[in-house]
Structures are given as C-alpha cells and as structure tokens.
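Data first, discussion second: the structure below is written as structure tokens.
The basis for the numbers below is simple: all heavy atoms, side chains too, and nothing from hydrogens, waters or symmetry mates. For clarity, every value in this text was computed on a predicted model and none was experimentally measured.
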Amino acid sequence: MRLPFFYGWIIVAVTFVTMAIGVNARTAFSLFYPPIISEFGWERGVTAGAFSFGFVASGIASPLIGRMMDRRGPRAVMELGVLLMGAGLLLAPLTTQPWHLYLTIGVLVGAGSVCLGYSGQSLFLPNWFIRRRGLAIGLAFAGVGIGSVTLLPWVQHMIEHTGWRTACTAMGVLVLVVLAPINLLLHKRPEDIGLQPDGDAAPTATSARPASNIVDPVWAGTDWTLPRALRTARFWWIAVGYFCGLYIWYAVQVHQTKFLLDIGFSSNVGVWALGVVSLLGIPGQIWLGHLSDRIGREWVWAISCFGFVICFAALVALKYWPIMPLIYLMVFTQGALGYGLTSVMGPVVLEIFQGRHYGSIFGTIMLAALAGGAAGPWATGQLYDLSGSYTAGFTLGIVMSVLSAIAIWQAAPGKVRAVAGQMHKIASGA
C-alpha cells in the first residue's frame with residue numbers, strides 16, 4: 001500500500017526521535033558530572049576523561065559501523081546502538097571506581113552513540129533526499145533540541161531528588177523501550193523499496209532527463225573506494241575539519257555547566273543554558289540546513305564555526321564579567337549557529353565521495369571527528385587542572401573553530417557537486 005506522502009519523511013521522523021533520546025542520553029553526562037565529582041572527589045580531568053574515552057570507543061567503532069552500514073543497512077546498526085547504549089546506562093549506576101565509568105559511560109554508551117547519533121544517521125539519511133537534503137537532515141537532527149528541553153530538565157530533576165544513579169537508570173530504560181521498536185522502520189535508500197530520492201517519479205523512456213548537479217565530472221565519475229579516497233587531499237581536509245568541529249562542540253558542551261557553577265551561577269542557570277542551547281539548535285539546524293541547499297555546504301560550515309568563535313569568546317569574557325547578557329550571547333551563538341555543523345556533516349562527505357563505499361569512507365572520516373570529540377573535553381579539563389582556569393582551554397577552542405572552517409573550505413564539496421540553489425551556475429557555465 002502506497003503512502004499519501006514520501007516514505008523519506010518517516011525516515012526523518014524516526015531519526016528525529018532517535019536523536020532526541022540517543023544524543024541527549026550521552027549529553028546528560030554534563031549533568032551527571034558535578035554530582036559524580038562531589039561524590040567521589042576525583043579530579044575533573046579524570047572524570048571528564050570518561051566522556052572523552054567514549055569518543056575513543058566511538059572512533060574505534062566508527063569505521064566498523066560504516067562497513068556494517070554498507071553491508072547490513074541501518075536497522076542492524078541502530079539496534080546494535082540501542083543495545084550498547086542501554087546496557088551502558090543501566091550499568092553506570094554500579095560505578096565505584098573511575099574505570100567503571102570509563103567502561104559504561106565511556107565504552108558502551110560511546111560506542112552506542114556512534115550508531116544512534118550524528119555519525120550513524122549521516123550514513124543513510126542523505127540517500128533519501130537530493131534537492132532538500134540539507135533541510136531534511138536539519139529537521140531530523142532538530143530532534144536533539146526537542147530532547148534537550150524535555151529530557152535534560154527531567155534528568156536534572158531526578159538527580160536533585162533521587163540521585164544521579166536513578167536518573168541514569170531511567171535514561172537506559174527509555175533508550176531500550178522507545179528506540180528498539182521504531183528503528184525497525186528504517187531502510188537504507190529509497191530504491192530499496194521502489195522509490196526515488198525526494199519522492200520523485202521513476203524516470204521513463206519518454207521523461208525529460210533530470211538536470212545534473214555535477215560540477216567536476218572526472219571526480220564524480222570515479223569509483224571512490226576507501227584506499228583511493230585516502231590518497232586525496234580532500235579526504236584529509238575533511239578529516240581535519242571534522243576533528244576540529246567535534247573538538248569545539250564537546251569542549252564547550254561538557255565543561256560549560258561546571259564553568260557556570262564555578263563563577264557563581266546557580267545550577268538552574270547551568271541546566272537552563274545547556275537545554276536552551278539545544279532548543280536554539282532546532283531552528284538553527286533547520287534554517288542552516290535549508291540555507292546550505294541554497295548557498296552551499298562550505299558557507300554553512302563557516303557560519304557555524306563563527307558561532308563557536310563568538311561562544312568561546314563570551315565564555316572567556318564571563319570569567320571577568322559574570323553577567324546574564326554574556327550567557328545569552330554564548331547560548332545563542334552556540335545553539336542557533338554552532339549546531340548547524342551537523343546539518344551538513346553528512347552532505348559534505350556524500351557530495352565528494354558518493355558511491356557504493358560511502359559508508360566506509362564516512363565511517364573512517366568520523367574516526368578523526370570522534371578523536372576531536374574525545375580531545376576537546378579531555379584537553380579542556382587538563383588545561384584547567386594545570387592552570388586553575390578555563391581561559392586557556394576556551395581560547396584554544398577559538399583557534400580550533402577557525403581551523404575547522406578553513407579545512408572544509410579547502411575540501412570544497414561545491415566544486416564536485418552543486419547544491420540545488422547553485423544549479424543555475426552549471427547551466428550558465430559560471
């Protein structure tokens with residue numbers, strides 16, 4: 001039975017819910033972080049290292065997940081992620097030693113999140129859309145923001161009234177009960193169920209030939225295997241850009257709540273800031289995803305990196321002027337602009353290395369990205385332990401933001417395939 005709408009929007013809806021729960025289950029570590037430090041008295045770098053170690057586990061898993069996606073499809077990948085993340089969250093309350101936290105929140109939740117989060121979804125969701133690829137991904141990934149404003153205050157409430165262990169257990173149950181059944185609806189590409197991207201009609205012998213978005217026919221016509229991609233400068237520029245992109249994302253996400261508490265703000269302000277960042281990410285990701293379909297992926301990546309520059313600069317200034325307007329600025333630029341990175345992360349790689357081996361290539365690139373996600377919280381925590389201040393760590397975040405923007409501009413996906421809004425340049429020969 002045919003649906004009255006394109007099945008791709010069901011894929012978007014399932015991804016929306018999966019991201020809302022799966023990503024925020026990991027983000028909740030920022031709320032668990034202060035009570036864990038208070039209970040055990042461990043150093044901040046050691047404790048934050050559990051979150052960072054999760055990125056090491058994610059990095060190891062990422063190429064394997066990409067290969068699994070190429071061979072088995074999204075159902076197998078997502079259900080594996082549900083199992084790993086649910087197990088990690090249910091076992092974390094048994095923690096008594098740092099290595100327990102590293103194994104549960106680190107290895108299990110970390111490996112599960114690479115399946116359920118931005119990395120796993122970017123392996124198949126871009127296949128369903130071409131003209132509206134950025135918009136569709138922006139809508140799907142906006143689930144993270146809805147999850148933040150609903151789940152994170154609930155988690156904080158449980159932490160304050162029943163402890164972090166109960167809150168962690170509740171998140172584990174939610175992951176298993178909700179995400180396991182809905183991800184059975186997924187398919188890797190529209191052709192697998194007799195459809196075309198964007199819900200277009202199948203071409204016939206008499207139908208007009210669709211306009212090509214290919215700018216560089218030689219590059220686009222290459223059968224990109226992983227070994228062949230590894231020998232290109234574009235691959236390594238993307239790797240650098242993604243390393244720096246996740247570095248800045250998680251450096252601020254993990255440490256901002258504790259930083260705000262340190263400079264005198266209440267825990268309510270801390271959880272509000274964390275939640276509103278993701279709330280603002282909802283229109284930010286949708287708008288920037290749509291904008292990337294008009295002006296190109298490079299421009300939107302640069303805009304998002306500029307948002308993180310302002311965010312880190314505001315955090316540095318807050319140490320000297322702890323006023324709410326600076327928090328508003330930090331929150332707005334991080335959420336409405338910075339979170340736009342995710343809406344183009346999949347399209348950048350797909351439009352450069354599109355083909356049968358896209359999953360393996362993207363998964364390997366995400367190895368670099370997840371290494372950046374691991375390095376950000378760890379390096380920021382270590383710089384704090386060495387200097388007694390977050391200033392050096394946040395300043396380094398500004399440098400990494402600029403480097404990320406430069407790297408993706410060098411990769412130049414728009415010079416391989418044009419987005420819908422730039423197709424007129426191909427037609428005119430511009």
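- Annotation: side chain of I303 is in contact with side chain of L291 (closest heavy-atom distance under 4.5 Å).
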Report the C-alpha separation of I182 and L179 in whole Å, then their side-chain angles, then the decisive distance to 0.1 Å, and conclude whether the side chain to side chain contact (heavy atoms under 4.5 Å, CB included) test is met.
-> CA-CA 6 Å; I182 66 170; L179 299 188; 4.1 Å; yes
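- With values rounded to the nearest 0.5 angstrom, I21 atom CD1 is found 9.0 Å from N24 atom CG.
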Donor-acceptor list for residues 10-17 side chains, cut-off 3.5 Å, not counting sequence neighbours:
| unit_1 | atom_1 | unit_2 | atom_2 | d |
| --- | --- | --- | --- | --- |
| T15 | OG1 | I11 | O | 2.8 |
| T15 | OG1 | Q121 | OE1 | 3.4 |

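- In this structure, CE in M78 is found 12.0 Å from CG in L184, a value given to the nearest 0.5 Å.
- In this structure a side-chain-to-backbone donor-acceptor pair under 3.5 Å is present from R417 to E351.
- Not counting sequence neighbours, F243 has no partner by the ring pair (Phe, Tyr, Trp, His ring centres under 6.0 Å) test.
- Annotation for L230 and W236: closest pair O-NE1, 2.8 Å, computed over non-hydrogen atoms.
- Here the CE atom belonging to M345 is positioned 11.0 Å from the CD1 atom belonging to I137, to the nearest 0.5 angstrom.
- Side-chain contact between M366 and I65: absent, with no pair of heavy atoms (C-beta onward) separated by less than 4.5 Å.
- Aromatic ring pairs are classed by plane angle as parallel below 30°, tilted from 30° to 60° and perpendicular above 60°; the pair F362 and Y242 is perpendicular.
- Checked by atom type and distance alone, the side chain of Q410 never pairs as donor or acceptor with a backbone atom of R234 at under 3.5 Å.
- Separation of the Y384 and H255 ring centroids does not fall under the 6.0 Å cut-off.
- Using a distance-only test at 3.5 Å, with no hydrogens or angles considered, no donor-acceptor pair links the side chain of R67 to the main chain of S360.
- Side-chain atoms of H100 come within 3.5 Å of backbone N or O of Q97 as a donor-acceptor pair.
- For the atom pair CH2 of W301 and CG of L341, the computed distance is 4.5 Å after rounding to the nearest 0.5 Å.
- Not a single donor-acceptor pair under 3.5 Å links the side chain of S404 to the backbone N or O of S401.
- For N127 (side chain) and K188 (main-chain N/O), a donor-acceptor pair under 3.5 Å exists by modelled atom type.
- In this model, a donor atom of one side chain and an acceptor atom of the other lie less than 3.5 Å apart for R297 and S292.
- Below 30°, between 30° and 60°, or above 60°: for W409 and W299 the angle between ring planes is above 60°, a perpendicular geometry.
- Listed for the Q156 side chain is no donor-acceptor partner under 3.5 Å among the backbone atoms of L31.
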Verdict with supporting geometry, S122 and F141, side chain to side chain contact (heavy atoms under 4.5 Å, CB included) = CA-CA 10 Å; S122 295; F141 288 3; 3.7 Å; yes
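- Under a 4.0 Å N-O distance rule, the pair K319/D262 does not qualify as a salt bridge.
- Partners of R132 by salt bridge (Lys or Arg N to Asp or Glu O under 4.0 Å), not counting sequence neighbours, listed by chain and number: D198.
- When every heavy atom of T150 is checked against every heavy atom of I146, the shortest pair comes out as OG1-O, 2.8 Å.
- In F332, the CZ atom is not crowded: 12 or fewer heavy atoms of neighbouring residues, nucleotides or ligands sit closer than 6.0 Å.
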Start with the C-alpha gap between L288 and V344, add the side-chain angles, then the distance that decides, and say whether side chain to side chain contact (heavy atoms under 4.5 Å, CB included) holds.
-> CA-CA 9 Å; L288 288 172; V344 294; over 6 Å; no
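- Residue V155 comes nearest to A28 through the heavy atom pair CG1-CB, 4.4 Å, listed as atom of the first residue, atom of the second, then distance.
- Contact annotation: the side chain of P35 approaches that of I159 to within less than 4.5 Å [non-hydrogen atoms, C-beta and beyond].
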Would T380 and V254 satisfy side chain to side chain contact (heavy atoms under 4.5 Å, CB included), going step by step from the backbone distance to the final call?
-> CA-CA 9 Å; T380 306; V254 170; over 6 Å; no
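- Ring orientation note: the planes of F353 and W224 are nearly perpendicular, at an angle over 60° on the 30°/60° scale.
- Note: F259 and F394 have perpendicular aromatic rings, judged against thresholds of 30 and 60 degrees for the angle between ring planes.
- Panel note: side chain T333, backbone F308; no donor-acceptor pair is recorded below 3.5 Å.
- The distance from atom CG of L125 to atom CG of L186, rounded to the nearest 0.5 Å, is 9.5 Å.
- With rounding to the nearest 0.5 Å, the separation of NE2 in H290 from CD1 in I295 is 10.5 Å.
- Between F29 and Y250, the distance separating the two ring centers is not shorter than 6.0 angstrom.
- Here the closest non-hydrogen pair linking M69 and P74 is SD-N, 3.4 Å.
- Using a 4.5 Å heavy-atom threshold, the side chains of N183 and E79 count as touching.
- The two residues V175 and A25 make their nearest non-hydrogen contact at CG2-CB, 4.3 Å.
- Annotation: side chain of L315 is not in contact with side chain of Y390 (no heavy-atom distance under 4.5 Å).
- Crowding of R294 atom CZ: a count of heavy atoms from other residues, nucleotides or ligands under 6.0 Å exceeding 12.
- Heavy-atom minimum distance, I286 versus G138: CG1-O, 3.6 Å.
- For the pair Y118 and M19, the minimum side-chain heavy-atom distance is below 4.5 Å.
- Using cut-offs of 30° and 60° on the angle between ring planes, the pair W249 and Y339 is parallel.
- Exactly one residue among D293, D200, N213 makes a side chain to side chain donor-acceptor pair (under 3.5 Å) with R131. That residue is D200.
- Judged by distance alone, the side chain of T232 and the main-chain N or O of R228 form no donor-acceptor pair under 3.5 Å.
- Side-chain contact between F312 and V316 is absent, with no heavy-atom pair separated by less than 4.5 Å.
- Between T95 and I36 the shortest side-chain heavy-atom distance does not fall below 4.5 Å.
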